[in-house]
Q: 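This structure is in structure tokens; I'll ask about it shortly.
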Amino acid sequence: MHDYTVSDIKVMEGLEAVRVRPGMYIGSTGLRGLHHLLWEIVDNSVDEAANGFADTISVTLERDGSVTVEDNGRGIPVGIHEKLGVSGVEVVFTQLHAGGKFVNDSYSYSGGLHGVGASVVNALSEWVKVEVATGGRLYAMSFRSYEDKDGIHSGIPEGPLAEIGRTRRQGTKVTFMPDIRVFETVEMNFGTIANRLRELAYLNRGVRFRLTDLRERGNAKELEYHFEGGICDFVKYLNSDKVPLYPEPIYISGKKDNIVVEIAMQHSDGYSENVFSYVNNIPTTEGGTHETGFRAALTKVMNDYCRRIGLLKDKDASLSGEDFREGLTAVISLKMQNIQFEGQTKTKLGNTEARPAVEWVMGDKLPPILEDLKNAELSAMIADKAVKAAKAREAARKAKSMAREKSKLENAPLVGKLSSCTGRDPKMNELFIVEGDSAGGSAKQGRDRRFQAILPLRGKVLNVEKKRLEQVLENEELRSLITALGTGIGEDFNIDNLKYDKVVILSDADQDGGHIRALLLTFFYRYTKGLITDGHVYIGQPPLYKVQKGDTAIYCQDDKELEKVTKGLKGYTLQRYKGLGEMNPEQLWETTMDPRNRTLVRVSIEDAATVEHLVTLLMGDKVAPRKEYIQEFADFNKHDSFAGKAKLDS
Ligand code: TSJ
């Protein structure tokens, strides 16, 4: 018999290792790590659904701060495990997977291994409750972590799995309370969870994902994601603010050497390439072998097709891959075993076998789609677009060498807009891109010229979303920005030549400011992505209010802060800044530029798909949905700010 109050040494050793080094198992103990707990559990349900045994997965953020995940699958096995002599449920929650599961980056988590993460979640929770409904019976078991004279004991069963009644349902329900002793925050983010569940819903066709937030009394939030079109719907969503060249995405799926390949793609009349890839539902932001295979195969199949229909003659050179990818939105999803990740953020697929598998499936399935008579228009559209792209590319190449020549000649006036700093160490230097001449003037006067450079922006920034490279190179504002950065753009981009460690966007807190910020971010995203991925781009946070009492001034960034500061305060004066231009140089320095006081929000690409959609939504043709997004875009990643709020005595 098992004695559940006396220590089960083996179990405790395993789970306590997780307690001692949580970061090794879930990446961090911040918000990311907290969400990681949820994904470890959800993964199990997604696997059950992927195997065809469940079609509904719900996540509930409970009022008491715990989180529930429920599916309608077969239920975690309740039978007694042969070797361990306890129920399958107990094994799943107490046995650390052999050797432990070490994550070496914050992005990766298990995908495809049943129960791997449940014991980690148990170890890092104050308590866990499990209910399994199967074979007409309902079973329950709970676990708890507690502290006594011997230290912390985590994930201890409160009793064996027990049958508690009869039921007509089937499935698994797990509720866990993240331990506040482990995490810096135990408040999960509704938006982050919603985004990921939406992504999972696209990647797992037909599975219903529900999210309920009961944390705020009287303000329950509920969402449901369910896409019968799977990744085709994903591509349509990504293209929803673009003009597609053909109505339905091309869908390709196949299996080669035990690798399941699924691809959806659709061209729009835009110019950028947007390929999003996944392996076992994990985003591969840095690409990898599967993306390489996709690109190679697309180029080959399309060139073959162009030759077959006579668009390319024997003597003609083949079109280049990027020509076939102009305006392309594609989602690539692989399911395979033993995935290996590489790259700076470990989000690049390294498995060499993935490339030929994708090439094989593409080579097998794409030609018949192109040849299909009812797809004649689609095929012609893609071929035609590529020919146009090739011509434009040639024109751009000429324009670019012209621009190089020109910039040699006109270097003086270009750099003339920039007030450079005196320091020569790029690692120390900062570039402030400031909206408007008057604010630019204040920034110039207020800055510390030893390490801060100012680039004032006069007119509107060009919307690069709608332009080809040659037009970008003709735009004065962007040319001076490109010159100032030193990195070059597009294919020529080289982060090693970056002249500043921080590139700070400083615009007004109003709609126009939001628009300018979005346009600049769009430019960075499209032409100097490395600046964002390497964390060099920041958004300055000028204050909205100044509260003055006697000779003390407190600056507030928003209404919430203002409310906090003025609560109970009497006899103060309040100034609301309408724009950066209203601040004098000293104020601008103190509140927004001085590294000792300022707040900077670092721009990162957490969820490339969301950012991409946001960028498209903001910059695309349809004006209507813009308004509501500008504020959200301005807010994105606010929790990433690394400095405290600006508070100072004047
Ligand atoms: F493990 C867990 F606690 F994290 C968890 C597992 C949490 C949740 C919400 C669901 C699940 C889960 C596990 N859902 N469905 C399953 N299925 C199985 O574990 C299972 C059932 C039957 C068989 C079989 O071979 O008969 C095999 C497995 C792996």
Side-chain angles (χ1 to χ4, degrees), residues 238-239 242-246 250 265-276 287 291-330 362 366 370 378-408 462-476 478-479 481-483 485 487-494 497 522-531 612 615-616 619-620:
L238 290 165
N239 273 348
K242 298 177 178 168
V243 180
L245 293 188
Y246 37 93
I250 298 172
M265 53 185 261
Q266 186 182 42
H267 288 80
S268 75
D269 70 350
Y271 304 112
S272 57
E273 171 191 336
N274 297 290
V275 175
F276 297 103
E291 277 195 21
T292 308
F294 169 74
R295 291 197 170 89
L298 183 68
T299 309
K300 166 145 198 336
V301 171
M302 285 310 305
N303 267 307
D304 288 354
Y305 177 77
C306 288
R307 284 189 195 284
R308 221 198 59 69
I309 62 166
L311 195 66
L312 288 177
K313 304 278 185 278
D314 287 349
K315 59 176 171 39
D316 294 333
S318 290
L319 296 173
S320 83
E322 61 185 298
D323 296 333
F324 291 113
R325 299 194 302 270
E326 188 185 87
L328 173 72
T329 298
M362 282 280 284
L366 185 53
L370 297 172
L378 167 158
S379 312
M381 283 292 219
I382 301 176
D384 185 52
K385 169 104 175 156
V387 170
K388 287 206 182 93
K391 289 199 179 119
R393 192 163 47 86
E394 182 56 23
R397 197 182 57 77
K398 286 190 184 131
K400 211 150 88 176
S401 55
M402 243 166 60
R404 281 206 193 99
E405 289 307 311
K406 255 197 204 158
S407 73
K408 268 183 219 153
L462 184 76
N463 182 357
V464 302
E465 194 67 12
K466 291 180 169 176
K467 305 290 172 201
R468 279 198 169 114
L469 180 63
E470 61 212 275
Q471 292 159 297
V472 170
L473 288 165
E474 275 164 15
N475 179 267
E476 271 219 27
L478 292 179
R479 283 224 333 249
L481 175 56
I482 296 164
T483 311
L485 293 172
T487 54
I489 62 172
E491 287 169 56
D492 298 337
F493 178 80
N494 183 352
N497 297 334
T522 306
F523 169 73
F524 288 134
Y525 182 72
R526 292 294 182 211
Y527 288 97
T528 63
K529 200 174 263 175
L531 276 190
E612 151 62 18
V615 166
T616 317
M619 300 308 136

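Note that the numbering runs from 1 along the sequence shown for the chain. These numbers were taken from a predicted model, which means no experiment stands behind them.
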Q: Could you state the interatomic distance from CD (Glu322) to CZ (Arg325), rounded to the nearest 0.5 Å?
A: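 Result: 6.5 Å between the selected atoms.
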Q: Taking the side chain as every heavy atom from C-beta outward, state whether Met362 and Leu298 have any pair of such atoms under 4.5 Å apart.
A: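 The answer is yes; the side chains approach within 4.5 Å.
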Q: Decide, yes or no, whether a salt bridge links Asp304 with Lys300 under the criterion of side-chain N to carboxylate O below 4.0 Å.
A: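 Yes, Asp304 and Lys300 are salt-bridged.
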Q: Honestly, is Lys529 close enough over Tyr525, meaning NZ or CZ under 6.0 Å from the six-membered ring centre and within 45° of the axis?
A: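 Yes, a cation-pi geometry.
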Q: Measuring from Lys385:NZ to Leu319:CG, what's the distance to the nearest 0.5 Å?
A: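 One finds 13.5 Å between NZ of Lys385 and CG of Leu319.
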Q: To the closest 0.5 Å, what do you measure between CG (Asp492) and OG1 (Thr528)?
A: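 Here the rounded value is 12.5 Å.
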Q: Side-chain contact, heavy-atom cut-off 4.5 Å: Cys306 with Phe324?
A: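 Contact flag for Cys306/Phe324 side chains = yes.
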Q: Write down the atom of Phe524, the atom of Leu485, and the distance for their closest heavy-atom approach.
A: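 Taking every non-hydrogen atom into account, CE2-CD1, 4.0 Å.
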Q: Under the side-chain contact (heavy atoms from CB on, under 4.5 Å) rule, what do Glu474 and Leu462 come out as? Steps first, then yes or no, please.
A: CA-CA 10 Å; Glu474 275 164 15; Leu462 184 76; over 6 Å; no
Q: For residues Leu473 and Leu478, determine if any side-chain heavy atom of one lies less than 4.5 Å from a side-chain heavy atom of the other.
A: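 Not touching, per the 4.5 Å side-chain cut-off.
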Q: Between Asn239 and Ser268, does a side-chain hydrogen bond (donor to acceptor under 3.5 Å, both in side chains) hold up when you go through it step by step?
A: CA-CA 7 Å; Asn239 273 348; Ser268 75; 4.8 Å; no
Q: Supply the atom-to-atom distance Asn274 CG to Thr329 OG1, rounded to the nearest 0.5 angstrom.
A: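 These two atoms lie 4.5 Å from each other.
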Q: Taking all heavy atoms of Gly530 and all of Phe493, pick out the closest pair and write down the distance.
A: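 Taking every non-hydrogen atom into account, CA-CE2, 3.7 Å.
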Q: Do His267 and Glu326 come close enough that some side-chain heavy atom pair is under 4.5 Å?
A: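 No. Closest side-chain heavy atoms not under 4.5 Å.
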Q: Heavy atoms, side chains only, cut-off 4.5 Å: are Met302 and Ile382 in contact?
A: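 Contact flag for Met302/Ile382 side chains = yes.
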Q: Name the residue from Asn475, Leu531, Ile482 that meets the side-chain contact (heavy atoms from CB on, under 4.5 Å) definition with Phe523.
A: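 The option that passes is Ile482.
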Q: Is Arg307 close to Ser318 at the side-chain level, that is, under 4.5 Å between some pair of heavy atoms?
A: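 Heavy-atom side-chain distance check passes, below 4.5 Å.
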Q: How close do Phe294 and Ala330 get, counting heavy atoms only, and between which atoms?
A: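 Smallest heavy-atom distance, with atoms named: CZ-CB, 4.0 Å.
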Q: Check this for me, if you would: do Glu273 and Arg526 make a salt bridge, where the nitrogen-to-carboxylate-oxygen distance has to be below 4.0 angstrom?
A: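 Salt bridge absent between Glu273 and Arg526.
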Q: Do NZ/NE/NH1/NH2 and the carboxylate oxygens of Asp323 and Arg393 come within less than 4.0 Å?
A: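 Result for this pair is yes, salt bridge flagged.
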Q: Does any non-hydrogen side-chain atom of Leu245 lie less than 4.5 Å from one of Gln266?
A: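 Result no, sub-4.5 Å side-chain heavy-atom pair not found.
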Q: If you define the side chain from C-beta out and look only at heavy atoms, does anything of Lys467 sit under 4.5 Å from Tyr271?
A: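 No, their side chains stay 4.5 Å or more apart.
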Q: What closest approach, in Å, do Thr299 and Ser320 show between heavy atoms, and which atom pair accounts for it?
A: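 Minimum heavy-atom separation between Thr299 and Ser320: CG2-C, 4.4 Å.
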Q: Nearest 0.5 angstrom please: Ile489 CD1 to Arg479 CZ, how far?
A: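 Atom-to-atom, Ile489:CD1 and Arg479:CZ are 11.0 Å apart.
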